[in-house]
Amino acid sequence: MSNHHADQATLSEQFLAGQRYWQTAHGQRQWEAEKQCLHPLLARSGVQHALELGVAPPLLAHDSIRHRIGWAPQRDLAEHSSTLICRPEALPLADEALELVLVHHMLEIVPQPTHLLREAARVTSDSGRLILVGWHPLGIAGPARLKRCHERFYQRSHWLTPKRLRDWLGFVDFKIERIDYCGFVPFNNTPDWLLTEEWGRRYNLPLGRAWVISAKRQMCRMIPLKKRFDPAAVLGRHASALASVAHELPPDPPRDARQDMMPQPGCHDPDNHSGNRQRHRTASPGVMA
């Protein structure tokens with residue numbers, strides 16, 4: 001069996017294991033907590049086309065999104081007609097085709113999570129939003145992954161920290177807007193778990209079972225260049241005529257040269273004979289009769 005078929009079989013097995021987990025009481029409680037955490041991000045967003053990559057029941061409401069696209073690894077696992085049957089790291093979609101892409105607990109189970117993140121960023125538009133949901137290894141559920149539990153969905157998951165996701169998103173030109181945490185109930189049988197979730201989300205404590213990352217594309221700011229003054233753009237056809245007239249006029253001599261050409265007082269000017277004779281008459285003494 002080739003690596004491709006082996007990865008496809010493993011992914012299909014993880015898909016079925018995830019579906020079984022989200023049908024349990026613990027999974028339904030976690031799914032409800034994540035849905036409540038996503039509600040402020042999706043409220044009044046006006047999204048027309050969205051893609052949800054995950055193995056849980058749909059988190060994107062149909063009433064707020066016009067066209068929702070799901071995903072499944074095999075045809076027999078598809079729930080409706082608008083489901084993509086493909087590998088998650090090779091989506092048959094155009095670049096920047098979607099306004100919202102939700103990756104729900106998929107980065108922990110795919111063989112190459114960086115390829116999936118790059119593909120999800122590729123199909124997200126410049127004004128769109130990329131939302132990632134994953135298990136928090138530093139939360140209250142972190143020690144649970146160290147022991148072998150009955151949910152295979154937990155056993156084969158590779159949990160990622162938000163710090164690593166920040167670095168990965170930087171390589172695909174995305175920037176994290178906010179990070180929310182959910183799933184603050186430490187025990188399964190807790191009657192007031194809704195109150196605990198409300199207090200945990202209010203203070204956004206980094207102790208939840210899962211993190212929810214909202215990221216947007218990092219746009220490059222362009223500095224506009226100031227145009228030079230162009231007389232032809234202002235004067236039109238008369239600019240060429242004025243330019244030709246200005247070219248025919250002789251240039252004015254420099255200021256220093258004009259000062260050198262002017263006669264200085266006390267200097268001998270051979271051309272000024274009348275001035276010399278007047279000075280001689282004034283200087284000669286009068287003759288007495």
Side-chain angles (χ1 to χ4, degrees), residues 7-8 10-15 17-19 21-22 26-27 29-31 33-38 41 51-56 59-60 71 73 87-91 100-124 128-149 151-186 200-201 204-218:
D7 294 342
Q8 190 72 14
T10 303
L11 189 59
S12 300
E13 187 177 355
Q14 286 285 76
F15 187 89
Q19 285 188 336
Y21 165 74
W22 294 110
H26 184 273
R29 187 161 45 246
Q30 181 65 28
W31 182 87
E34 294 176 357
K35 184 178 181 180
Q36 295 295 331
C37 189
L38 286 172
L41 299 176
L51 170 65
E52 183 174 355
L53 298 172
V55 299
L59 285 169
L60 301 178
W71 170 85
R87 292 183 299 168
E89 65 275 7
L91 300 175
L100 175 63
V101 177
L102 173 61
V103 182
H104 182 258
H105 293 285
M106 284 290 295
L107 296 175
E108 297 97 344
I109 64 176
V110 294
Q112 298 175 335
T114 55
H115 294 184
L116 171 59
L117 185 63
R118 182 180 58 186
E119 192 70 3
R122 180 186 66 82
V123 299
T124 306
R129 181 176 296 176
L130 175 62
I131 299 179
L132 309 175
V133 183
W135 302 110
H136 187 32
L138 304 179
I140 59 176
R145 67 190 181 100
L146 301 178
K147 62 180 181 179
R148 299 185 63 86
C149 53
E151 291 94 358
R152 300 182 64 182
F153 189 71
Y154 271 112
Q155 288 179 358
R156 298 188 179 184
S157 298
H158 302 281
W159 294 10
L160 304 171
T161 60
K163 182 179 180 181
R164 177 172 295 185
L165 264 300
R166 187 185 300 273
D167 298 337
W168 287 1
L169 287 171
F171 281 103
V172 292
D173 296 334
F174 269 75
K175 183 179 180 181
I176 295 179
E177 283 188 331
R178 57 179 298 169
I179 303 177
D180 297 321
Y181 299 92
C182 58
F184 297 94
V185 182
R201 289 198 303 269
N204 200 21
L205 301 176
L207 300 176
R209 296 178 182 271
W211 42 256
V212 179
I213 295 177
S214 175
K216 279 194 172 183
R217 191 179 300 276
Q218 198 170 11

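Computed from heavy atoms alone, side chains included, the values below leave out hydrogens, waters and symmetry copies.
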List the steps and the verdict of side chain to side chain contact (heavy atoms under 4.5 Å, CB included) for Val103 and Leu117. CA-CA 9 Å; Val103 182; Leu117 185 63; over 6 Å; no
Within-4.5 Å side-chain heavy-atom neighbours: [X] and [Y]:
{"X": "Leu116", "Y": "Leu53", "value": "yes"}
{"X": "Leu91", "Y": "Leu51", "value": "yes"}
{"X": "Pro113", "Y": "Val110", "value": "yes"}
{"X": "Ile179", "Y": "Leu165", "value": "no"}
{"X": "His26", "Y": "Arg209", "value": "yes"}
{"X": "Ile176", "Y": "Leu169", "value": "yes"}
{"X": "His105", "Y": "Tyr21", "value": "no"}

Considering non-hydrogen atoms only, spot the tightest contact between [X] and [Y] and give its length.
{"X": "Leu205", "Y": "Phe184", "value": "O-CE2, 3.1 Å"}
{"X": "Leu11", "Y": "Pro88", "value": "CD2-CD, 3.6 Å"}
{"X": "Gly27", "Y": "Trp22", "value": "O-CE3, 3.2 Å"}
{"X": "Cys37", "Y": "Cys182", "value": "CB-CB, 4.1 Å"}
{"X": "Met106", "Y": "Val55", "value": "SD-CG1, 4.2 Å"}

Working for side chain to side chain contact (heavy atoms under 4.5 Å, CB included), residues Leu60 and Leu100: CA-CA 10 Å; Leu60 301 178; Leu100 175 63; 3.9 Å; yes
Going by the rule side chain to side chain contact (heavy atoms under 4.5 Å, CB included), which residues pair with [X] if we only count those two or more places apart in sequence or in a different chain?
{"X": "Asn204", "value": "Asp180, Tyr181"}
{"X": "Glu177", "value": "Arg129, Ser214, Lys216"}
{"X": "Leu138", "value": "His136"}
{"X": "Thr161", "value": "Pro137, Lys163, Arg164"}

What is the ring orientation for Trp71 with Phe15, classed by angle as parallel under 30°, tilted 30 to 60°, or perpendicular over 60°?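 Judged by the thresholds at 30° and 60°, the geometry between Trp71 and Phe15 is perpendicular.
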Is a donor on one side and an acceptor on the other found under 3.5 Å between the side chain of Trp211 and the backbone of Leu160?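 Answer holds: yes.
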Just by modelled atom types, is the Glu89 backbone N or O under 3.5 Å from a matching donor or acceptor in the Gln112 side chain?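 No.
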Nearest 0.5 Å please: distance from the [atom1] atom of [X] over to the [atom2] atom of [Y].
{"X": "Ile213", "Y": "Ile131", "atom1": "CD1", "atom2": "CD1", "answer": "11.0 Å"}
{"X": "Arg217", "Y": "Lys175", "atom1": "CZ", "atom2": "NZ", "answer": "15.0 Å"}
{"X": "Phe174", "Y": "Thr124", "atom1": "CZ", "atom2": "OG1", "answer": "4.5 Å"}

Residues in ring-ring contact (aromatic ring centres under 6.0 Å, His included) with Trp168, at least two apart?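 ring-ring contact (aromatic ring centres under 6.0 Å, His included) list for Trp168, sorted by chain: empty.
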Applying salt bridge (charged side-chain N to carboxylate O under 4.0 Å, His left out), can you list everything that pairs with Arg122, at least two apart in sequence or on another chain?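 Once residues adjacent in sequence are excluded, the partners of Arg122 under the salt bridge (charged side-chain N to carboxylate O under 4.0 Å, His left out) criterion are Asp95, Glu119.
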With sequence neighbours excluded, tell me which residues meet salt bridge (charged side-chain N to carboxylate O under 4.0 Å, His left out) with Glu52.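 By the salt bridge (charged side-chain N to carboxylate O under 4.0 Å, His left out) rule, Glu52 matches Arg68.
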Please name all residues satisfying side chain to side chain donor-acceptor pair (under 3.5 Å) with Ser12, sequence neighbours left out, ordered by chain then number.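 Counting only residues at least two positions away or on another chain, Ser12 forms a side chain to side chain donor-acceptor pair (under 3.5 Å) with Gln74.
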